[in-house]
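Here is the structure we will look at.
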Amino acid sequence: MVACLSCTPDAFPRTNPFPFSKPKFGSQEALLSLHKCTNFKHLKRVYAKIIRHGLSHDQLLIRRLLSLCSSYGKMDFATLVFHQIQGPLTFTWNLMIRSYTINDCSKQALLLFNLMISQGIPPDKFTFPFVIKACSAASAIEMGKVVHGLAIKTGFVGDLFVLNTLMDLYFKCGRVDFGCKIFEKMRVRSVVSWTTMISGLVSCDELDAARGVFEKMPGKNVVSWTALINGYARNQPEEAFELFWRMQLDNVRPNEFTLVSLLKACTEMGSLKLGRWIHDFALKNGFKLGIFLGTALIDMYSKCGSLEDARKVFDKMQVKSLATWNSMITSLGVHGCGEEAISVFAEMERGNVQPDAITFVGLLCVCVQTNNLEEGQRYFKYMGEHYGITPIPEHLICMTELYSRAGMLDEDCKLVNAMPSEPNDNILPALLHSSKVYGIVNMEKFLHGKLDFSTVDANSLQRNWLQVSKWDAG
DNA sequence: ATAGGGTTAG
């Protein structure tokens, strides 16, 4: 309508004849502005306008604003806005809980749920799936049990969505028995219930049981096929392909996830030929080189020995994720192309992609390979000071190597004592090994206090020792 | 006039 009127300039002069009258800005207009938002800066301006026009108590507007904040990853701002609302309704609490989880703040999600309950806000059938997902993301099984109890008390536990997420929670937290119990007691099961069961059994490594459930399952779809294929990919890669052929006979079309699982199987077999076949299959069947498929291809090519192909895929990818950059940097490092790895990192920084701990594992490994202590120290310092990344045990292994080789044993001990996160059992044996090799007595004592040998299996010890000795040779 | 579950890569 506005566009129409502006076509008649004679009747409607371009300059505003009433300079003191403001254009109307009500709920409709605010909603429209929010709809047109393209970035966070813009969003903040619209929020300011909403406040100025006294619209900050409009529930619909604020919810729309909150979900935009969430999609921009600005949960700090969303928190601020949320706490300005007077008497937020259940819907709004749910939205916040979900948004925190999506943005990797599952602990905040759980805190907010606690606040909600303590304020007497009644949860609804949507609240439970959101908060249970937060529990799995935070690996908070005890909290999960409390939520489960509350779901029973309020009667929402009868909801299929609630049961499916609960099942998933127990599987992800290693309580296969609880997960199975829920599945067995379910009166109605959806495709999702069956698939959650299959992937749950796949994840503690009960492949035979998963297979049994799969064969009994009615209405198998791509997701259920892929869950099982993915299970076989790691331990029985040939069987993963057998299933893939069977799936095609069943006329179920694979998706990006299926191909990624099959690429994992190729990597496991070390079969460049089969990996190339999957790549070819993807191209012939019109698959886009998305971030998951692309990154899996880079990983496969690199691990199957063709760094050139890995690089080609990387260069072709239109959209890259953090994992894509990490995979390329690590691949280059492993193949001894340290300089190229560092130049890819520089390119990543120029593109304003935030590196994470894994990126620096790749870079520090390059330093270990080239035995460049100064560069290693520089990256280690830079990582914390510039990006606020706290070291993980893998970083410390690299630094330990570098210091040990330079004979700077004191630095090693300082490093280990300053270790911020609890080193995991896969890493400790490696650290212990290098401390033995280089005779760092203090560190050895320190580590002995931390290491519970009963939980370390012999294979992982062997693997890590081999890794360290490879670095020794390099 | 808006929200939910299962499979993927470093």
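Convention: sequence-line order gives letters A, B, ...; per-chain numbering from 1.
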OP1 or OP2 of [N] under 4.0 Å from side-chain N/O of [X]:
X        : N     : result
A:Lys264 : B:dA9 : yes
A:Asn230 : B:dT8 : yes
A:Arg63  : B:dA3 : no

If you look at every strand shown and take non-hydrogen atoms under 4.0 Å, does [X] touch a base, only sugar-phosphate, or nothing?
X        : answer
A:Asp299 : sugar-phosphate
A:Thr359 : nothing
A:Lys320 : nothing
A:Val191 : base
A:Leu263 : nothing
A:Lys133 : sugar-phosphate
A:Thr196 : sugar-phosphate
A:Thr165 : sugar-phosphate

Using atom [atom1] of [X] as one end and atom [atom2] of [N] as the other, report the distance to the nearest whole Å.
X        : N     : atom1 : atom2 : result
A:Leu243 : B:dT7 : CG    : P     : 18 Å
A:Leu293 : B:dA9 : CG    : P     : 12 Å
A:Asp168 : B:dG4 : CG    : C1'   : 13 Å
A:Leu89  : B:dA1 : CG    : C1'   : 14 Å
A:Asp159 : B:dG6 : CG    : C1'   : 15 Å
A:Lys220 : B:dG6 : NZ    : P     : 21 Å
A:Leu163 : B:dG4 : CG    : C1'   : 13 Å
A:Gln59  : B:dT2 : CD    : C1'   : 12 Å

Is there a donor N/O on one and an acceptor N/O on the other, under 3.5 Å, for the side chain of A:Asp124 and the base of B:dG4?
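Under the 3.5 Å cut-off, the side chain and the base do not form any donor-acceptor pair.
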If you take atom types as modelled and just measure distance, does the side chain of A:Thr195 reach the base of B:dG6 with a donor-acceptor pair under 3.5 Å?
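Answer yes: a donor N or O sits under 3.5 Å from an acceptor.
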Identify, residue by residue, the members of residues 29-38 of chain A with a heavy atom below 4.0 Å from DNA chain B, and return them in order of residue number, or none.
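Within this stretch, nothing sits under 4.0 Å of the strand.
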To the nearest 0.5 Å, tell me how far A:Phe171 CZ sits from A:Asp177 CG.
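One finds 9.5 Å between CZ of A:Phe171 and CG of A:Asp177.
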Salt bridge present between [X] and [Y] (N-O < 4.0 angstrom):
X        : Y        : value
A:Lys284 : A:Asp280 : yes
A:Asp315 : A:Arg311 : yes
A:Glu215 : A:Arg211 : yes
A:Asp299 : A:Lys264 : no
A:Lys181 : A:Glu184 : no

Cationic tip of A:Lys220 above A:Phe214 ring, under 6.0 Å, 45° of axis
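The answer is yes; both the distance and angle limits are met.
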Which atom of A:Ser193 lies closest to which atom of A:Met186, heavy atoms considered
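Reported closest heavy-atom pair: OG-CE, 3.5 Å.
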